[in-house]
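See below for the structure under consideration.
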Amino acid sequence: MTEIVVEGGRRLRGTVGVLGAKNAVLKEMVATLLAPGLHRLSNVPDILDVRLMAELLSRFGVVCRRDGHELTLVVPAELRPEAPLELVRQMRASIVALGPLLARVGEARVPLPGGDDLGARPIDWHLEGFERMGAHFELVHGVLIGRVEGRLRGCEVELPFPSVGATENLMLAAVLAKGETVIVNAAREPEIVDQARHLRTMGAEITGEGTALIRIQGVDALDAVERSVVPDRIEAGTFAVAAAITGGDVTVTGCVPEHLRMELRKLAEAGCEVDRGDGWLRVRGPDRPRAVDFATLPFPGFHTDMHPQMVALLSVADGTSVVTENLYDARFRYVGELARMGADITTEWQHAVIRGVERLSGAPVLATDIRAGAALVLAGLRAEGITRVGAVEHIDRGYEDYVGKLASLGAAIRRA
Ligand code: EPU
């Protein structure tokens, strides 16, 4: 079994670059289903989820090829609209294939993904939206079968919460629907903005991305295009916390600091010196961070995918922090692992109270999800002695060469 072995106590220094955002590239790969032809995506990280998505698309008939950080996808005129359970179970983002398959083929068979490491994660808002657009669904032995008579119809869909996945899925269907679709209370994440830009490059008519009201005028056909994926704000933010937790000095390049405003503000409150410019940010960490409270919220609030990394930092802060998790019911599962390293954290329902300790001590721990895994490695960078992080496949889902990049900043870290 592969583990990440970290010896704590080194201050990280230097410059590290980030790649395209996992949560943008996965949906932009799916968007290629909307147009036959040769598509090219660049700035694509070599991570497990991208490989899984390429495998899923190949089941639909798409031929994907990677060359460095460039991905070419050849989409056929006829698609096989059937997703296999083993892939959907491994990667929930598979569900965003529903929208384009319904729009292009008029049919989709996608197994219900079920819950995952972060909780129940239903998809009811996606389905309600498609039903309003004229699709019908039945659940047959765990497989969701969706059908549309003729073409999807544009309509107004009001989301009960600005769900990233529901906004994306509906956008991916609406671009080829008949007439206008209006998504009210849409998600405003930078990855949504990037997806809208990608779709517009393909010929879609979309306005309002980045606001809570997105308007999409359906068109008859879209084109295959070439495009570079927006930088990964979570990868950038994770290295920012690596600087903070080690009292180091790290510059992150290839990122968009504007996409991390709230997270950088909280790092500054914790005592970090934060500088930023066009495409880069620099974080200098204090000897010991200060306690900070935060609550996770949809963009532009504090991102839930930066929550475990920030809690790792606050576990060694001077003072007590209160964290509220508003997105996921099982996001705190990693807290027990941090406690094995000496962190003093109590959780109740969606809140955690973190009483900062002076030192963590290295221990064997298990990653419980992508961000929890990244955070346990960060805790290991600060801890005395050796930390061994198991279940690293979680980390590999979302970070290309996490270990190599941290080592390049001076961390004593290796895979074993
Ligand atoms: N929700 C429903 N019903 C729905 C859809 C969502 O109840 O039909 C609930 C969810 O259960 C959750 C909340 O709404 O409590 C928000 O979920 P959302 O749909 O916004 O999340 P997602 O699209 O499933 C994406 C990212 C997550 C990220 C969230 C929030 C991808 C592949 N995943 O998930 O990323 O945490 O948005 O920003 O884009 C990660 O990268 O580690 C990760 C988990």
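Everything numeric here is computed off the predicted structure, so don't read it as measured data. Atoms within each ligand, like the ligands themselves, are counted from 1 in listed order. These values consider heavy atoms only, across backbone and side chains, with no hydrogens, waters or symmetry-generated copies.
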So which protein heavy atom does [atom] come closest to, and at what separation?
atom	answer
atom 26 (C) of ligand 1	Asn23 ND2, 3.4 Å
atom 43 (C) of ligand 1	Asp305 OD2, 3.2 Å
atom 20 (O) of ligand 1	Val164 N, 2.7 Å
atom 14 (O) of ligand 1	Trp125 CZ3, 3.4 Å
atom 38 (O) of ligand 1	His303 CE1, 3.4 Å
atom 24 (O) of ligand 1	Arg121 NH2, 3.0 Å
atom 19 (O) of ligand 1	Ser163 OG, 2.6 Å
atom 39 (O) of ligand 1	Lys27 NZ, 2.7 Å

> Under the criterion side chain to side chain donor-acceptor pair (under 3.5 Å), which of Asn326, Asp305, Thr368 is the partner of Arg331?
Replying inline: Asp305
> Are any non-hydrogen protein atoms located under 4.0 Å from atom 17 (O) of ligand 1?
Replying inline: no
> Are any of the protein's heavy atoms under 4.0 angstrom from atom 10 (C) of ligand 1, yes or no?
Replying inline: no
> Does CD belonging to Glu86 count more than 12 external heavy atoms closer than 6.0 Å?
Replying inline: yes
> So with a 6.0 Å cut-off around CZ of Arg265, is the heavy-atom count from everything else above 12?
Replying inline: no
Give yes or no for whether the N/O distance cutoff of 3.5 Å, strictly under, is met between [X] and ligand 1.
X	result
Arg371	yes
Leu26	no
Ile370	no
Gly165	yes

> Between Tyr334 and His307, does the ring centroid distance fall short of 6.0 Å?
Replying inline: yes
Looking only at heavy atoms, is any part of [X] under 4.0 Å from ligand 1, and if so is it the side chain, the backbone, or both, or is it neither?
X	value
His126	both
Glu168	neither
Thr304	side chain
Asp124	both
Tyr328	side chain

Whether [Y] and [X] form a salt bridge (side-chain N of Lys/Arg under 4.0 Å from carboxylate O of Asp/Glu) is what I want to check.
X	Y	answer
Arg282	Asp249	yes
Arg147	Glu138	yes
Asp67	Arg40	no

Counting from 1, what ligand 1 atoms have a heavy atom of [X] closer than 4.0 Å?
X	answer
Leu118	44 (C)
Leu327	12 (C), 15 (O), 16 (C)
Ile123	4 (C), 8 (O)

> Which of these, Val16, Thr15, Val283, sits in a side-chain contact (heavy atoms from CB on, under 4.5 Å) with Val250?
Replying inline: Val16
Can you find a side-chain donor-acceptor pair between [X] and [Y] that sits under 3.5 Å?
X	Y	answer
Glu131	His136	no
Thr238	Gln309	yes
His351	Thr324	yes

> Where do Asp194 and Arg227 land on the salt bridge (Lys or Arg N to Asp or Glu O under 4.0 Å) test, with the steps shown first?
Replying inline: CA-CA 10 Å; Asp194 200 54; Arg227 207 163 165 280; 2.9 Å; yes
>> I want to confirm something. Looking only at heavy atoms, which of Ala374, Pro122, Ser94, Gly129 is nearest to atom 7 (O) of ligand 1?
In response: Pro122
> Does Glu235 use its side chain to pair, donor to acceptor, with the backbone of Leu19 at less than 3.5 Å?
Replying inline: yes
> With under 30° as parallel and over 60° as perpendicular, where do the rings of Phe130 and Phe137 fit, or are they tilted in between?
Replying inline: tilted
